[in-house]
Amino acid sequence: MNTAPPNSIDETPAGEPPEEKRSLNFIEQIIEDDLQAGKWGGRVHTRFPPEPNGYLHIGHAKSICLNFGLAESYNGAYNLRFDDTNPTKEEQEFVDSIKEDVRWIGFDWKEREFFASDYFDQLYDWAVQLINVGKAYVCDLDGEQIREYRGTLTEPGKDSPFRDRSVEENLDLFERMCGGEFPDGSHTLRAKIDMASSNLNLRDPVMYRILKAHHHRTGDKWCIYPMYDYAHGQSDSLEKVTHSICTLEFENHRPLYDWFCESLEIHHPRQIEFSRLNLTYTVMSKRRLLELVKDGHVNGWDDPRMPTISGLRRRGYTPGSVREFCRRVGVTKFDGVTDIVQLENALREDLNERAPRVMGVLRPLKVVIENYPEGQSEELEAVNNPQDEAAGTRKVPFSREIYIEQTDFMEDAPKKFFRLSVGREVRLRYAYFVTCTEVIKDDGGEVIELRCTYDPETKGGNAPDGRKVKGTIHWVSAEHALTAEVRLYDHLFSKEDPDDVEEDRDWLENLNPNSLETLADCKLEPSLAHAEVGIGYQFERTGYFCLDKDTQPDKPVFNRAVSLRDTWAKKK
RNA sequence: UGCCCCUUAGUGUAACGGCAGCACGACUGACUCUGAAUCAGUUAGUCUAGGUUCAAAUCCUAGAGGGGCAACCA
């Protein structure tokens with residue numbers, strides 16, 4: 001700490017006022033208070049505990065950034081732990097995708113990769129210990145009966161008839177449960193707490209159930225598996241976690257979390273709950289995302305319209321934008337809904353700094369420049385990124401026939417329309433001023449071609465006589481153009497709240513039928529032939545795009561990650 | 001009908017008993033070889049009612065509104 005390098009950002013320049021103390025979220029407050037009070041020996045140790053039963057989504061990203069970010073900023077450690085206690089739902093594919101996604105977001109958990117299934121032996125021993133002190137018992141009630149005995153929200157439950165079995169009998173039964181002697185569902189091991197508790201989680205919760213299922217890591221070794229409540233806190237404890245951060249729905253489980261740690265007299269992390277992320281125009285539950293995938297409403301977990309990490313990545317989101325977004329949404333216990341434009345803006349901001357600029361015409365309209373010599377072409381210099389001089393320049397070919405955007409021409413243009421119309425002059429970006437002289441239509445009256453003249457004196461985009469044009473439009477030389485498919489995405493749901501449906505109707509009815517628009521005949525500048533997956537490009541005046549994995553050698557496919565802000569579109 | 005949690009501009013958040021700030025959005029305007037970016041400005045808030053206090057978004061009580069909880073899911 002006191003050996004900071006000369007350029008350390010920790011150094012406050014002399015004479016400058018000390019940096020104002022950053023405001024802390026409520027979890028940071030707790031941590032600082034703990035540190036202040038000398039708890040945990042000054043350690044901060046967190047974990048991210050996904051269940052490998054689906055792909056990670058942007059809500060998980062919030063949790064990852066919170067948990068791992070906290071550990072990083074307090075110089076602590078963080079674990080990635082798979083909560084794999086239910087073999088009927090979990091798969092190796094999900095383990096792999098989760099690791100890939102966490103890495104992509106930008107965190108390295110190094111050797112601290114764990115599985116709840118690593119602790120099955122220890123958990124078993126602890127269960128025996130609880131039986132021995134009379135705090136757990138084997139119950140023969142079936143699922144239905146357990147539910148009946150549990151009581152309701154307003155009425156207390158009643159004790160299981162098996163609650164007072166002897167320690168010996170419990171030990172014997174539990175061992176035989178584990179030995180595979182009983183069929184699935186015939187017995188459970190339950191904690192003996194309080195069937196009259198106002199917190200239903202404390203009404204003798206099930207610790208172990210019999211499940212003769214193959215586990216993706218332990219194989220067929222076990223036929224009993226621990227429940228979340230019995231496995232989670234103890235896993236935290238074994239890993240010497242200090243702050244166990246989870247979402248609000250586990251708040252009512254905290255007394256149980258505490259009960260197990262106290263009863264077992266083991267290291268007792270502090271559970272802290274925060275509100276999960278909700279986004280407008282999207283759903284975030286794993287159950288629903290799974291349904292979208294399974295029923296083919298989207299094309300897989302990494303469909304660019306999905307709020308999954310893999311979907312965002314494929315869509316063109318950057319790790320930095322995801323992290324910045326998570327920082328901006330903050331951390332509270334209030335269950336709100338974040339406007340999805342926050343996410344989009346984080347991306348725009350990030351890509352504005354780094355994305356190479358190119359020209360691409362999404363809906364081409366052919367333009368013939370009549371006074372430009374036939375067969376001639378030339379290379380014009382274009383700036384790669386006005387935000388970053390070091391990005392340099394490139395050459396863009398120009399010729400007699402070019403494509404411009406259909407929306408950049410209007411026949412009966414209002415005065416405020418700064419683009420092309422008959423008799424109006426605009427600048428072709430980095431090229432020449434052109435004036436539209438004639439409109440050519442097909443039999444149906446559709447505009448299919450424009451005739452223009454150019455001013456050779458304006459090469460590069462400036463007029464020597466100092467005359468100005470109000471509009472600058474992008475273009476692509478027809479002869480040199482790369483033809484590509486471009487996929488435009490809109491919100492997956494047409495309602496801000498997908499659950500906003502009539503009585504008895506389904507959230508799926510709010511799926512936006514226009515969430516994907518495929519443009520098959522887009523014209524891109526030739527430099528894009530060397531585009532790489534994973535790099536965001538700005539198609540000037542249009543948006544940010546990236547090469548999709550569906551690209552074929554003869555057919556490039558681009559995704560629009562997000563459009564550019566368009567105040568003109570708003571005015572219309 | 002029980003228990004637990006929550007409530008600050010449109011949205012997300014800050015304030016730690018002492019001047020209600022910030023970000024995003026929206027709206028103006030400036031600038032511009034991207035109607036982008038940038039810059040300047042405007043807009044708008046403490047759920048309600050009592051109480052404690054010199055002083056309350058903050059503490060107390062009650063109410064309203066929202067969320068969670070009755071898987072051998074996590």
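Below, read A as the first sequence line, B as the second, and so on, with proteins coming before strands; counting in each chain starts at 1.
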For atom P, what is the distance between B/G18 and B/A23, given to the nearest Å?
-> 23 Å

So what does A/Lys286 touch, heavy atoms closer than 4.0 Å: a base, only the sugar-phosphate, or nothing?
-> nothing

The side chain of A/Val341 lies closest to which of these nucleotides: B/C24, B/U34, B/U11?
-> B/C24

With sugar-phosphate meaning primed atoms plus P, OP1 and OP2, does A/Val383 contact a base, only sugar-phosphate, or nothing at under 4.0 Å between heavy atoms?
-> nothing

Nucleotide opposite B/U34 in a Watson-Crick or G-U pair, distances under 3.5 Å | none

Rounded distance in Å - CG (A/Asp566) to P (B/A36) = 8 Å

Separation of B/A36 atom P from A/Arg429 atom CZ, nearest Å, is 13 Å

Can you tell me how far P of B/A14 sits from CD1 of A/Ile27, to the nearest Å?
-> 11 Å

Between the CZ atom in A/Phe114 and the CZ atom in A/Arg81, the distance rounded to the nearest 0.5 Å is 9.0 Å

Distance between the C1' atoms of B/G45 and B/U52, in whole angstroms?
-> 25 Å

Say you pick atom P in B/A15 and the same atom in B/G21; how far apart are they, in whole Å?
-> 14 Å

Where each residue is assigned the nucleotide of RNA chain B containing its nearest heavy atom, which of A/Thr472 and A/Arg348 is assigned the position nearer the 5′ end?
-> A/Thr472

Could you state the atom-to-atom distance from OH of A/Tyr430 to P of B/U32 in whole Å?
-> 16 Å

Using the P atom on both, measure B/C54 against B/U13 and round to a whole Å.
-> 35 Å

Spacing of the C1' atoms in B/A64 and B/A55 (rounded, Å) | 27 Å

Which residue lies more 5' along RNA chain B, comparing A/Asn25 with A/Leu428 via nearest heavy atoms = A/Asn25

Please determine, for B/A55, whether a Watson-Crick or G-U wobble partner exists with both distances under 3.5 Å, and give it or none.
-> none

Per A/Thr332 side chain, nearest of listed nucleotides B/A14, B/G12, B/A26 | B/A14

Under 4.0 Å between a side-chain N or O of A/Lys570 and OP1 or OP2 of B/A26?
-> yes

Among B/U34, B/C24, B/G35, the one nearest A/Asn345 by side-chain distance = B/C24

Roughly how far, to the nearest 0.5 Å, is the CG atom of A/Leu351 from the SG atom of A/Cys546?
-> 9.0 Å

For the side chain of A/Arg328, counting heavy atoms from C-beta on, which of B/G12, B/U34, B/A23 is nearest?
-> B/A23

Looking only at atom P, what distance separates B/U43 and B/G29, rounded to whole Å?
-> 16 Å

When rounded to whole Å, the CD to P distance for the pair A/Gln387 and B/U34 reads 11 Å

G-U wobble or Watson-Crick pairing nucleotide for B/C39 (cut-off 3.5 Å, both distances) | B/G29

Counting only Watson-Crick or G-U wobble pairs whose two distances fall under 3.5 Å, which nucleotide matches B/G21?
-> B/U13

So, A/Glu51 and A/Asn53: side-chain donor and acceptor under 3.5 Å apart, yes or no?
-> yes

Among A/Val396, A/Val434, A/Val361, which one satisfies side chain to side chain contact (heavy atoms under 4.5 Å, CB included) with A/Trp475?
-> A/Val396

Could you tell me whether A/Phe82 and A/Phe94 have their ring centroids closer than 6.0 angstrom?
-> no

Separation of the C1' atoms in B/G17 and B/U53, to the nearest angstrom | 9 Å

With heavy atoms under 4.0 Å as the rule, sort A/Thr88 into base, sugar-phosphate or nothing.
-> nothing

Counting any heavy atom closer than 4.0 Å, what does A/Phe433 reach on the DNA or RNA strands: base, sugar-phosphate only, or nothing?
-> nothing

Take nucleotides 65-74 of chain B nucleotide by nucleotide from the 5' end and write B, S or -, depending on whether a protein heavy atom sits under 4.0 Å from the base, only from the sugar-phosphate, or from neither.
-> --SBBBSBSB

Is there a Watson-Crick or G-U wobble partner for B/C3 with both distances under 3.5 Å, and which nucleotide is it?
-> B/G68

Just name whichever nucleotide pairs with B/U46, Watson-Crick or G-U, keeping both distances under 3.5 Å, else none.
-> none

Answer yes if the side chains of A/Glu405 and A/Thr407 hold a donor-acceptor pair under 3.5 Å, and no otherwise.
-> no

A/Gln271 and A/Ser244: side chain donor to acceptor below 3.5 Å = no

If the P atom of B/G63 is compared with that of B/C73, how far apart are they to the nearest Å?
-> 38 Å

For residues A/Ser97 and A/Asp101, is any side-chain donor paired with an opposing acceptor at under 3.5 Å?
-> no

Please check if any side-chain donor atom of A/Tyr228 sits under 3.5 Å from a side-chain acceptor atom of A/Asn86, or the reverse.
-> no

What integer distance in Å separates A/Asp408:CG from B/U34:P?
-> 13 Å

Can you tell which of B/U34, B/A15, B/G35 lies closest to the side chain of A/Arg419?
-> B/G35

Report which part of the nucleic acid A/Gln538 touches: base, sugar-phosphate, or nothing (heavy-atom distance under 4.0 Å, all strands).
-> base

Euclidean distance, atom CZ of residue A/Phe418 to atom P of B/C31 [Å, nearest integer] | 12 Å

Return the value, rounded to whole Å, for the distance between atom CD of A/Glu405 and atom C1' of B/A36.
-> 15 Å

With a distance cut-off below 6.0 Å to the six-membered ring centre and an angular limit of 45° from the axis, does A/Arg217 pair with A/Phe115 as a cation-pi contact?
-> yes

What form does the base of B/A9 take, syn (within 90° of 0) or anti?
-> anti

